[in-house]
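One structure is given here, and the rest of the page talks about it.
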2 protein chains.
Amino acid sequence: MVVQVKHDCKIELHKVALKATPARLATLKVLEAASKPLDVATIKSKLKKDGINADPATIFRMMNSFSDKGLVREINLQESKLRYEYSAKEDHHHLLCESCGSIEDISDCNIETWEKELREKKGFMIKHHSLEFFGLCKNCQKLI
Amino acid sequence: MVVQVKHDCKIELHKVALKATPARLATLKVLEAASKPLDVATIKSKLKKDGINADPATIFRMMNSFSDKGLVREINLQESKLRYEYSAKEDHHHLLCESCGSIEDISDCNIETWEKELREKKGFMIKHHSLEFFGLCKNCQKLI
DNA sequence: TGACAAATGCAACACTCTTGCATATATTAA
DNA sequence: TTAATATATGCAAGAGTGTTGCATTTGTCA
């Protein structure tokens with residue numbers, strides 16, 4: 001049985017005016033198959049297994065254009081690097097283990113209830129969380 | 001009138017077994033006076049105005065030890081660098097303008113209600129937010 | 001005041017990410 | 001099917017943040 005590809009990556013790329021190169025198609029498949037957001041080094045090594053040797057600069061450039069076009073989400077997990085996630089996946093938050101680095105998805109949204117539930121249901125011991133809003137202040141909205 | 005220093009930084013440092021050097025005392029004062037979390041470059045330039053020329057490496061080391069001892073909070077605002085905030089200040093979240101880079105404090109805690117309120121009361125247009133939890137998964141709690 | 005542990009400056013380095021430029025390739029129109 | 005062109009890629013250099021080793025300096029405490 002062949003693994004089912006849910007999205008036609010070639011069409012997706014053309015929709016957003018990006019060329020469907022082998023590296024891009026393979027990268028989208030890698031991200032689609034991933035169970036957690038991937039960093040550039042990981043993407044590179046997964047591509048290598050598919051026989052594609054992509055330069056890190058190329059992967060960074062891909063991630064930037066995919067991110068601009070909305071094909072991937074940039075995920076900042078308070079590390080020194082960014083991770084990337086396939087946009088077609090439902091948006092969600094992440095639960096990180098500071099000890100083993102495991103990353104778990106969570107998808108409802110009530111922060112205080114959450115913390116209790118996460119403790120009770122998943123046994124995850126929360127030490128802290130990060131919540132930041134990004135957007136435009138009153139003043140800057142006028143200027144744009 | 002002399003600016004009132006709310007916390008005796010020398011005593012604070014001794015409490016956590018850190019030596020009270022001029023650079024450290026000045027840095028804590030700078031952070032105490034700051035209205036938003038500061039990055040290392042900013043701390044360096046503010047120290048310089050106080051006549052203290054500290055090496056960036058020294059400031060990074062200070063921030064790490066202060067952070068370990070709980071004197072400052074490390075703030076990751078999805079930039080390529082970290083910021084630091086005086087711990088004695090009440091814990092809160094931040095509101096960032098993607099356009100002008102202004103940073104505003106916010107201190108209650110209900111994410112959905114928040115977004116509406118922030119839009120209505122402050123006129124801030126939220127484009128997205130980041131919410132991540134950090135701690136120990138069930139498995140790792142056993143190991144420690 | 002003297003001894004010792006800790007802090008600092010400096011230089012080198014690691015890591016993530018970006019950029020310039022020459023080359024290669026996907027796409028489009030003929 | 002091919003030729004023209006805009007775009008993507010590889011490679012090398014470089015920017016920015018943060019770390020580390022080591023020699024020197026400086027707080028602290030006896």
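In what follows, chains are A, B, ... by sequence order, proteins preceding strands, each numbered from 1.
Per the geometry, CD belonging to B:E79 stands 15 Å off P belonging to C:dT18, to the nearest Å. When the P atom of C:dT16 is taken as reference, atom CG of A:N76 falls 14 Å away, rounded to whole Å. Rounding to whole angstrom units, NZ of residue A:K81 and P of C:dA14 are separated by 17 Å. Atom-to-atom, CD1 of A:I59 to C1' of D:dA8 comes out at 14 Å; the value is rounded to the nearest Å. Across the protein-nucleic acid pair, A:F66 atom CZ and C:dC17 atom C1' stand 17 Å apart, rounded to whole Å. A straight line from NZ of B:K44 to C1' of C:dC10 spans 12 Å, rounded to a whole angstrom. Between B:M62 atom CE and D:dG27 atom P the separation is 13 Å, expressed in whole Å. One interatomic measurement links the two molecules: CG of A:L38 to P of C:dT16, which rounds to 14 Å at whole-angstrom precision.
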Item to check | From CA spacing to verdict: side-chain contact (heavy atoms from CB on, under 4.5 Å), A:E85, A:H94 | outcome: CA-CA 12 Å; A:E85 196 167 62; A:H94 301 96; 2.9 Å; yes
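In this structure, A:S80 does not reach the C:dC15 phosphate: none of its side-chain N or O atoms is under 4.0 Å from OP1 or OP2. Within the structure, every side-chain polar atom (N or O) of A:N64 is placed at least 4.0 Å from both OP1 and OP2 of C:dC17. Distances shown here put every side-chain N or O of A:R24 at or beyond 4.0 Å from the OP1 or OP2 atom of D:dT7. The phosphate of C:dT8 has OP1 or OP2 within less than 4.0 Å of a side-chain N or O from B:T21.
Counted by atom type alone, B:D39 and B:T42 present one or more donor-acceptor pairs between their side chains at under 3.5 Å.
Using a 4.0 Å heavy-atom cutoff across all strands shown, A:A41 reaches no nucleic acid atom at all.
Of the candidates D:dG10, C:dA7, D:dT19, the closest approach to any side-chain atom of B:K19 belongs to C:dA7. With distances taken from any side-chain atom of B:A57 to the nucleotides C:dG9, C:dA7, D:dT20, the minimum falls on D:dT20. Of the candidates C:dA26, D:dG10, C:dT16, C:dA26 carries the atom nearest the A:P22 side chain, counting heavy atoms from C-beta on. Of all nucleotides listed (C:dA7, C:dT18, D:dG18), D:dG18 comes nearest to the side chain of B:L82. When the nucleotides C:dC17, D:dT17, C:dA26 are ranked by their closest atom to the side chain of A:V40, C:dC17 comes out on top.
Of the two residues contacting DNA chain C, namely A:D39 and A:D55, the nearest-nucleotide position lying further toward the 5' end is that of A:D39. Nearest-nucleotide positions on DNA chain D place A:P56 closer to the 5' end than the other of A:P56 and B:A20.
A donor-acceptor contact shorter than 3.5 Å links the side chain of B:R24 to the backbone of B:K19.
Taking the side chain as every heavy atom from C-beta outward, A:L136 and B:F124 never approach each other to under 4.5 Å. Under the 4.5 Å side-chain criterion, counting only non-hydrogen atoms from C-beta, A:T27 is in contact with A:M63.
Scanning atom types as modelled, one donor and one acceptor separated by under 3.5 angstrom connect the side chain of A:R61 and the base of C:dG20.
Nearest heavy atom pair, residue B:L13 against residue B:A20, reads CD1-CA, 3.8 Å.
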